[in-house]
Amino acid sequence: MLFLTIGINEVDFLMTHVSAAIGKRIREIRKDQNYTLEDLGNIVHRSKSTLSKYENGEIVLDIETLFEIARAFRISIFSLIALPFNEERRQEESERTPCSHDIFSCPLLYLYYYDGEYKCIRRSMIEMDYPNRNATLYLNTVSVGDNCRCAQIYSGHIQTNPFYTRLIFENSTFALDTVTMVFQSMLKYQTFLVGQIFTVRASNQPIGVKAIIANHKMTEDNNLRGLLQVTPQEVKNIKRTNYFIIERVAEAEL
């Protein structure tokens with residue numbers, strides 16, 4: 001069994017620093033746009049007291065509320081979460097073993113997604129050159145550990161911020177063929193992350209798929225299949241918000 005948990009120190013950091021910083025950013029933008037708490041509350045359907053707690057960092061904002069507030073301000077959600085990184089904290093983390101706190105710093109990663117059309121789990125491998133922010137994707141390998149037999153090879157680069165890691169790949173032989181991946185990167189000491197892949201099929205049909213990236217080979221069983229498939233709650237959220245929002249996996253049993 002593998003349990004993914006958030007340590008006490010990490011929770012303290014998220015609650016104290018991240019929530020306060022996002023709340024401060026929301027207050028600044030609200031005042032810049034001449035919104036009162038009541039004005040904003042009417043748009044996002046939250047009370048004045050709740051919004052005040054958001055701005056003071058007393059309540060952790062969920063991703064859906066962030067989207068609603070960003071939409072009310074007519075800005076990108078990344079404008080709310082583009083926070084300055086604590087230099088002292090970064091120095092402290094850099095002294096630890098790289099793979100212990102950031103799976104993207106591992107030299108080899110394993111990527112999985114569920115192909116609903118063919119009812120099977122697809123696996124890929126990613127070679128990471130983290131110091132230079134480069135990566136190579138071997139898409140749809142025949143087996144884990146054999147990157148020579150794959151459907152396509154892509155070259156790409158890594159973009160990071162305190163909340164997300166984005167990997168952007170381009171087909172080595174056909175530049176119009178691109179793959180973009182986004183994974184949450186807020187939690188440390190995780191051995192896998194759930195995120196999304198965006199690409200264009202051979203028929204020029206753009207698609208998005210739920211995916212898992214891991215620093216180890218995962219057992220391709222019904223438990224993994226369940227994590228990769230879209231959940232009823234995610235379908236419900238799509239119908240309600242028209243956004244495809246991945247549910248966070250804070251603790252998973254595999």
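From a predicted model like this one, the values you see are computed outputs, not experimental measurements. All residue numbers refer to positions in the sequence shown, counting from 1.
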Problem - Carboxylate-amine/guanidinium contact Glu28 Arg25, below 4.0 Å - result: yes
Practice task
Check ring pair (Phe, Tyr, Trp, His ring centres under 6.0 Å) between Tyr243 and all other residues, then give those that pass, not counting sequence neighbours.
Solution key: Phe67
Handout entry: Summary of salt bridge (charged side-chain N to carboxylate O under 4.0 Å, His left out) pairs that have at least one residue in residues 149-161, sequence neighbours excluded
Key = Asp146-Arg149
Fill in the blank from the handout: All heavy atoms of Ile238 vs all of Phe244, minimum pair found to be CD1-CD1, 3.7 Å
Problem - Residues forming a side chain to side chain contact (heavy atoms under 4.5 Å, CB included) with Gln33, sequence neighbours excluded - result: Ile29, Tyr35, Phe73, Ile75
Handout entry: Pairwise side-chain contact, Glu127 with Tyr138, heavy-atom cut-off 4.5 Å (strictly under)
Key = yes
Exercise for the section: Examine the side chains of Ser49 and Ser52 and answer whether a donor and an acceptor come within less than 3.5 Å of each other. Expected result: no
Exercise for the section: Output yes when Arg30 and Glu55 qualify as a salt bridge under the 4.0 Å nitrogen-oxygen rule, no when they do not. Expected result: yes
Practice task
Anything under 30° is parallel, anything over 60° is perpendicular, the rest tilted; go ahead and classify Phe183 against Phe104.
Solution key: tilted
Practice task
May I ask you to decide if Thr141's main-chain N or O and Arg123's side chain share a donor-acceptor pair within less than 3.5 Å?
Solution key: yes
Completion exercise
One should read off an interatomic distance between Ile126 CD1 and Ile213 CD1, to the nearest 0.5 angstrom, of 4.0 Å
Practice task
For Thr65 and Arg46, test the side chains for any donor-to-acceptor distance below 3.5 angstrom and give the result as yes or no.
Solution key: yes
